[in-house]
Structures are given as C-alpha cells and as structure tokens.
Amino acid sequence: MMMFVTVENFLADYKNEAVLTKKLLDALTDASLKQETAPGYRTLGELAWHLVPNDSMFKPMGLSIKNPGSSEVPASASDIAEQYQIGADSVIEAVSKWDDEKLQETNEVFGYEWQNGLTLSLFLKHEIHHRGQLTVLMRQAGLPVYGAYGPSKEEWSEMNIPSL
C-alpha cells in the first residue's frame, strides 16, 4: 500500500485535495443536507460532516487537531464548510511540525499497526472516497458539481465543449 515518506509530499497532496473538498462543501445548501441515497443511509449533510477531520486517525499518531468536538450534524451547510476548513488547516499545521522520520513510526489505528505515513495516506484516500459519494448526492439534490481531476459536466458546458 502506498504511504507518504516525506511530510512535504503529504502536505502538497492534502492542501490540493482540501481545496477541492472545500469547493464542493461550499456549494451545499441548507436544504440539500437532507438529500439521501436511500432510506437508512447517510444523508448529504451526514456525509459532508463525516469529511470534517476529527481525532480518530490523528490522536493515535500523537497529533492534536482542532475539530468541532460534536458528532451532531449542523443544520447549516456553511457551518459544515467552515468546520471542515478549520479541521483541514489544523491537520496541515500539526503535520507541518513533523520531520520525515516521524512518518516511519508505527501506531495502532483502528486495531491495526500502521506507519504514520500509511495512516496519512489512508486518511487522504478516505476523504477522496467520500468526496466521490458527495458528488453523487449533490447531483441528486440538483446542486452544481465541480471537477476534481478534470472538468465536470457543468464546467465543460461553461467552456462550450460538449461533455462526453
């Protein structure tokens, strides 16, 4: 499994991915937070709130990050986006204090022994995975979707290029 071996590489990747995630969260509306895929599954609001960094993966590595401290999903989309940005900035600040050797240290996370570089890689993949789910629910809620690794249908249209 791919893991980060330099702090600089993690920070570069995470800063880029956090911008993409924040752009999607900024497009949410309060009304859209109730959109669900199917009964019994996460709503758009629950999924967006799940993207806000918390201590679950960071505390075992000895990192303390700023997080809302509540599992209750806010009723305001802008509150979710704001808490995401606070958490993302906090992750960047905390990991910036590490040296590359710290990525080689092993800690127990969710019952597994993972090197810190692997934990950070899985954290980032987790966010990307749920961001994909977020875009599906955003489409169902009639919200614009922004491209992450290429233009979205809306962005193709703005460029007067037919989407494929």
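On a predicted model such as this, the values are computed, not experimentally measured, just so you know. In this chain, residues are counted from 1 in sequence order.
Every residue two or more places apart in sequence or in another chain was checked for a ring-ring contact (aromatic ring centres under 6.0 Å, His included) with W98, and none qualifies.
T6 and E8 share no donor-acceptor pair across their side chains, judged by distance under 3.5 Å alone. Between the side chains of Y84 and E127, at least one donor N or O sits under 3.5 Å from an acceptor N or O.
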Please report the C-alpha distance between E17 and K22 in whole Å, then the side-chain angles of each, then the deciding distance to 0.1 Å, and finally whether the salt bridge (charged side-chain N to carboxylate O under 4.0 Å, His left out) criterion is met.
-> CA-CA 9 Å; E17 297 300 336; K22 179 70 164 54; over 6 Å; no
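Connection of L122 to L20 is not established within any shared hydrophobic cluster, with ILVMFWY side chains joined at heavy-atom distances below 4.5 Å, either directly or through further cluster members. V145 is connected to Y149 through a chain of hydrophobic side-chain contacts under 4.5 Å among Ile, Leu, Val, Met, Phe, Trp and Tyr, so both are in one cluster. Residues Y112 and F123 fall within the same hydrophobic cluster, defined by Ile, Leu, Val, Met, Phe, Trp and Tyr side chains chained together at heavy-atom separations under 4.5 Å.
Here the side chain of S121 pairs no donor or acceptor atom with the backbone of F4 at under 3.5 angstrom. Put simply, the side chain of N116 never gets that close to the backbone of M61: no donor and acceptor are under 3.5 Å apart. Panel note: side chain Q115, backbone M3; no donor-acceptor pair is recorded below 3.5 Å. Of the possible donor and acceptor atoms, none in the side chain of S32 sits under 3.5 Å from a partner among the backbone N and O of A141. Not a single donor-acceptor pair under 3.5 Å links the side chain of E82 to the backbone N or O of D79.
Counting heavy atoms from C-beta outward, H126 and H50 have side chains that approach closer than 4.5 Å. Counting only heavy atoms from C-beta outward, the side chains of Q83 and W49 approach each other to under 4.5 Å. A heavy-atom distance below 4.5 Å is not found between the side chains of W114 and T106.
Between Y14 and F10, the ring planes are parallel. Angles under 30° get that label, and only those over 60° would be called perpendicular.
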Quick one: side chains of residues 86-97, donor-acceptor pairs under 3.5 Å with protein atoms, not counting sequence neighbours, listed by atom name and distance.
residue : atom : partner : partner atom : Å
D89     : OD1  : Q85     : NE2          : 2.8
S90     : OG   : K66     : N            : 2.7
S96     : OG   : I92     : O            : 2.6

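Within 6.0 Å of atom NZ in K125, more than 12 heavy atoms from other residues, nucleotides or ligands are found, so the atom counts as buried in its surroundings. Taking a 6.0 Å sphere around CD of E113, one finds it holds more than 12 heavy atoms contributed by other residues, nucleotides or ligands.
Shortest non-hydrogen contact noted between E36 and L137 is C-CD2, 3.8 Å.
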